Participant: 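I am attaching a structure below and will ask some questions about it afterwards.
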Amino acid sequence: MSDVSSVSVEGLTDLVSAMNRGHRALSTDLDQLRSKMRNWDVTMTTLDDIGRIGEWVDDQVPGLERRRNMAAGLTGDQPTSTMVDFDEPLRFNSPEEAEQYGRELAEMLENGTIDAGTFDELFQELEPYVNDPDVMAGFYLELGPEVTEMLPEMLYSSGVDGGARYLELFSIGLGTALNTTNHTSSTSDYYSELSSFRQHFTQPTDNPAMAWSRLALLQHGDFPPRWLADVVRNSVLDHFEGEDWDHTDYRGSMFPKLGLSEDTLALAFSALGNNPSAARIALDEKAGITLEEYTNRVYGLAGSIGTGDDIAAAFGQALAAGSGALDDPPDKGYHASNFAFQVIVALGQHEDTPWGMREPMGQIAAAYAEEFLAGAYAHDAMFRESSMDMPENFTLPPGMDPTFFLSPEDVYRFLHGFAHDDAHSAAFDAAVQELYETLPMQALEADLAATAAGNTDPEYFEVTLRMFGTLAGLQYETQRKVRGDKFDAEKEFRDNFAFGGSAVLTLLPVSPKGILDLGWKVTQVATAGGLNGWADSGTDPRDELEELNYQAGVLHRYMIAEMMIDAGYPYTEDIPPNLLDENGNLLPPEVIAEDLSSGGLAQEFINWTDSNKDTHPEHPRTRPFDTKFDSGWDAIGNGRGDASDSIANQVEW
Amino acid sequence: MTVEQDDMVPNPEHTALSEILSMAQGLEEDIAEALDDAFRIMDSGEAWTGPTTATTFLEDLGYRKDDLPRLAERLVEDIRTRLQNVPAEVHPDRLVNPPV
């Protein structure tokens, strides 16, 4: 029978601590007693028996530490309470044995000719251990920092086929080694022994090739954030923040190597893109220039040098990471949200967005969808500046707790940055949809609770719908602007060069059924009109965007009224039987969507909502169903139309 | 009271053994419970489980944990027995020099 151990880092850490406490209680804590008993000739038999148990306990600790360290390697980013499995018996019975094995592997790179075969042979042994703290600490302690920073070049020079993959493994292993502490093993103080290693990498260098090599090693591993921030700053960012940034060639080689950009700036940013805390430390806490200035410089390079796209894409990843947008779920804690706020305001200053920035901007917007929703709201504190604090006299509906408050203009500006196609806004749309499925309902319930308690209707429902309406309108305005401009440019291109290709833009599918999955988008579509078909036809999207989509509008009204019925909003007129299923429930939107024609089910339903003009006798403080419905519908329309138009028209680039 | 009894003095050996007994009694609970935490963690199944190696370790730990209360008690008893054989007072001529 195979012997598989299931272990957790947390459990074994606690067990090792308990064993060490137990050992102390049975050994060193008894030293004084033992000495006195021996001096006064008391029999030592029992104390020796106790001592033997203490020795047994001590003997078990290395094996437990070894299992704990293996578990750490296997657990990765999962919670430390996660149980992970491995086969018994262990190959190494203690951290010391595993460390020694790592040292022996490193010796393969210290002696003789190092060629592709050397790396293939090394990684046959090393790959299973790149997450193993003991083996990797031994490996890099033996290798030393000078040889380590030459590894990328050694890999490239060897011509080995799997060079990029091997570099990734070296990086992961280095991260594993540098995350060890003096408590990882009771036989070796890894952290202390690796101190000179860490210091070496943080030494400033003005040699781009050296900087490239160091940064190449930091692309994949999970490194201590403050150390990583120091390395990338001392390798290149400190210089980039200086006065000579636009007269400096930051390339570490003449061409991409090992699957990485040749540009050290791109590598610095992409290393930060894997480490949110390091991104915040390097680009904010320790930065000598503002994020706005960083953006100006990166965008400047993006349009002027060959590696500019690499730099911009990596910069975007670093900003998205620092904003917590790449965590799952997004990290919107104090540090991440403060950083995100700065990023959103800084990036919104630019009308044109480099291609590589659009995806990370979409990711940031998705993570902070609630902040964009609240920020779009222009009915209160309309002339506010973006702020970490809530503006005075700002109505925040129940269920909302944004970490910061954007101005409507900053919402428009940021959305503009990734409005080029739906692929970049898909995550944002999904995040807003999630809010759309909960917030209006919560707001409606709060309104009903208030009127039931004899209070005035606080109209949270209307506020919420106005937010969604304005956000939808702003997104529509940005897409219309960006895609319209793009169409003009491409039309000119086609006319001038008789180019028959269609614009490669994808727009929202607006088949009635399709929009059911993105209810909040209906808010936009009702204004936007039919968009499908344009991409292939080459017709100007603005022509179709201006057409009212009657079907979508009808469906949207149905969905809002359905939401009110679901929330228990009282009505006075019976619902027509043909709008109900066999259980007496309102037909689902999917069925209504089958008949959006004039006089069809949807219109019949809208007519029914219109007929509910009386106050329900049991809810005298609650406004009639139709009044509330019209009020909500008007709020959406007001947000979508007048408010978003007004905001968009104010923006000057 | 005899003259001899008046001359008796506290026996340093008895005093020292009394101190040792107190010390052992103070440590008795720590010794008895030294492996309780480790066993509890191991027995919870949240640290390390498995059909052979882990189970054997849990059993070995359990035996030793169970032995410790008895050993702690016996340690105290060893010292008490030794103490009982040493008079509390002794004639100055029969004093035992304390160990250096």
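In what follows, every chain begins at residue 1, and chains take the letters A, B, ... in the order their sequences are listed. Everything numeric here is computed off the predicted structure, so don't read it as measured data.
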Participant: With a 3.5 Å cut-off and no angle check, do the side chains of B:Trp48 and A:Ser6 form a donor-acceptor pair?
Facilitator: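 The criterion, which ignores hydrogens and geometry beyond distance, is not satisfied for A:Ser6 and B:Trp48.
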Participant: Go through the atoms of A:Val16 and report whether side chain, backbone, both or neither lie under 4.5 Å from a heavy atom of chain B.
Facilitator: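 Contact with chain B involves no heavy atom of A:Val16 at all.
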Participant: Could you tell me whether the side chain of B:Tyr63 reaches within less than 4.5 Å of the side chain of A:Ile53, counting heavy atoms only?
Facilitator: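 A side-chain contact under 4.5 Å is absent here.
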Participant: Compare all side-chain heavy atoms of B:Arg74 with those of A:Asp49 and state whether any distance is below 4.5 angstrom.
Facilitator: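 A side-chain contact under 4.5 Å exists here.
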Participant: Would you call B:Arg82 and A:Thr43 a side-chain contact if the rule is heavy atoms closer than 4.5 Å?
Facilitator: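 Contact flag for B:Arg82/A:Thr43 side chains = no.
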Participant: Pick whichever of A:Gly63, A:Ser8, A:Pro89 has the most heavy-atom pairs under 4.5 Å with chain B.
Facilitator: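 The option with the most such pairs is A:Ser8.
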Participant: Taking atom CD of A:Gln124 as the centre, does the number of heavy atoms from other residues, nucleotides or ligands within less than 6.0 Å exceed 12?
Facilitator: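 No, because the 6.0 Å sphere around CD of A:Gln124 holds 12 heavy atoms or fewer from other groups.
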Participant: Closest approach of A:Ser2 and B:Pro51, non-hydrogen atoms and distance?
Facilitator: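 Nearest pair, atom of A:Ser2 first, then B:Pro51: O-CG, 3.8 Å.
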Participant: Report the distance from atom CH2 of A:Trp40 to atom NE2 of B:His14, rounding to the nearest 0.5 Å.
Facilitator: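 So the gap between those two atoms works out to 12.0 Å.
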Participant: Taking the side chain as everything from C-beta on, heavy atoms only, tell me whether B:Glu77 gets closer than 4.5 Å to A:Thr46.
Facilitator: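 Sidechains of A:Thr46 and B:Glu77: no contact.
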Participant: Has B:Arg64 got its NZ or CZ under 6.0 Å from the middle of the six-membered ring of A:Trp56, at an angle within 45 degrees of the ring axis?
Facilitator: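 Output yes; distance and angle both within limits.
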Participant: Between A:Asp3 and B:Thr53, is any side-chain donor less than 3.5 angstrom from a side-chain acceptor?
Facilitator: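 Indeed, the side chains of A:Asp3 and B:Thr53 share at least one donor-acceptor pair under 3.5 Å.
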Participant: Side chain, backbone, both or neither: which part of A:Arg67 has a non-hydrogen atom closer than 4.5 Å to chain B?
Facilitator: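 For A:Arg67, the contact with chain B is made by the side chain alone.
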Participant: Does any non-hydrogen side-chain atom of B:Thr52 lie less than 4.5 Å from one of A:Glu88?
Facilitator: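 With C-beta onward as the side chain, the pair stays apart.
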Participant: Contact between A:Leu33 and B:Leu75 at the side-chain level, heavy atoms closer than 4.5 Å - yes or no?
Facilitator: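 The answer is yes; the side chains approach within 4.5 Å.
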Participant: Name the region of B:Glu46, side chain, backbone, both or neither, that has any atom closer than 4.5 Å to a heavy atom of chain A.
Facilitator: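 The answer is the backbone of B:Glu46.
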Participant: Once you round to the nearest 0.5 Å, how far does CE of B:Met42 lie from CG of A:Asp14?
Facilitator: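 So the gap between those two atoms works out to 13.0 Å.
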Participant: If you count heavy-atom pairs within less than 4.5 Å of chain A, which of B:Ser44, B:Ala54, B:Ala16, B:Ala72 leads?
Facilitator: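 Looking at each option in turn, the highest pair count goes to B:Ala16.
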Participant: Would you say that more than 12 heavy atoms from the other residues, nucleotides or ligands in this model lie under 6.0 Å from the CD of A:Glu96, or not?
Facilitator: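 Counting other residues, nucleotides and ligands, CD of A:Glu96 stays at 12 neighbours or fewer.
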Participant: With a 4.5 Å limit on heavy-atom distance, are the side chains of B:Ile31 and A:Asp29 in contact?
Facilitator: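 No; the side chains remain at least 4.5 Å from each other.
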Participant: Between atom CG of A:Leu30 and atom CG of B:Asp30, what is the distance when rounded to the nearest 0.5 Å?
Facilitator: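 Result: 9.0 Å between the selected atoms.
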Participant: Mind checking the CZ-CD1 spacing from A:Arg34 to B:Ile20? Nearest 0.5 Å is all I need.
Facilitator: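 Those atoms lie 13.0 Å apart.
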Participant: Tell me whether the count of non-hydrogen atoms from other residues, nucleotides or ligands lying under 6.0 Å of CD in A:Glu434 goes above 12.
Facilitator: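 Atom CD in A:Glu434 is not packed in, count stays at 12 or less.
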Participant: As an exercise, state the distance from CD of B:Glu19 to NZ of A:Lys36, rounded to the nearest 0.5 Å.
Facilitator: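 These two atoms lie 6.0 Å from each other.
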Participant: Is the side chain of A:Arg21 donor-acceptor paired with the backbone N or O of B:Ala34 at a distance under 3.5 Å, no angle test?
Facilitator: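 Absent.
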Participant: Below 4.5 Å, heavy-atom pairs only: which of B:Leu83, B:Asp67, B:Thr81, B:Leu61 has the largest tally toward chain A?
Facilitator: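 Result: the option with the highest number of such pairs is B:Leu61.
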Participant: Pick one of side chain, backbone, both or neither for A:Met37, based on which atoms fall under 4.5 Å of a heavy atom in chain B.
Facilitator: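 Contact with chain B is through both the backbone and side chain of A:Met37.
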Participant: Heavy-atom pairs under 4.5 Å with chain B: which of A:Leu12, A:Thr45, A:Leu15 has the most?
Facilitator: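 Most pairs with chain B among the choices: A:Leu15.
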Participant: Between B:Phe57 and A:Leu64, is any pair of side-chain heavy atoms under 4.5 Å apart?
Facilitator: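 They are in side-chain contact.
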Participant: Quick check on A:Tyr191: does its OH atom have over 12 non-hydrogen neighbours (other residues, nucleotides or ligands) under 6.0 Å away?
Facilitator: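 Open: at most 12 neighbouring heavy atoms sit under 6.0 Å from OH of A:Tyr191.
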Participant: Is it the side chain or the backbone of B:Asp36 that comes within 4.5 Å of chain A heavy atoms, both, or neither?
Facilitator: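 For B:Asp36, neither part sits under 4.5 Å from chain A.
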Participant: Heavy-atom pairs under 4.5 Å with chain A - which of B:Ile41, B:Thr49, B:Asp37 has more of them than the others?
Facilitator: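 Heavy-atom pair counts peak at B:Thr49.
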Participant: Checking A:Val42 against chain B: side chain, backbone, both or neither under 4.5 Å from a heavy atom?
Facilitator: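 Contact with chain B is through both the backbone and side chain of A:Val42.
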Participant: Identify which part of A:Asp85 has an atom lying under 4.5 Å from any heavy atom of chain B, answering side chain, backbone, both or neither.
Facilitator: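 For A:Asp85, there is no contact with chain B at all, as no heavy atom is under 4.5 Å.
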Participant: How long is the gap from CD on A:Gln32 to CG on B:Leu27, to the nearest 0.5 Å?
Facilitator: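 Answer for the CD-CG pair, A:Gln32 versus B:Leu27, is 9.0 Å.
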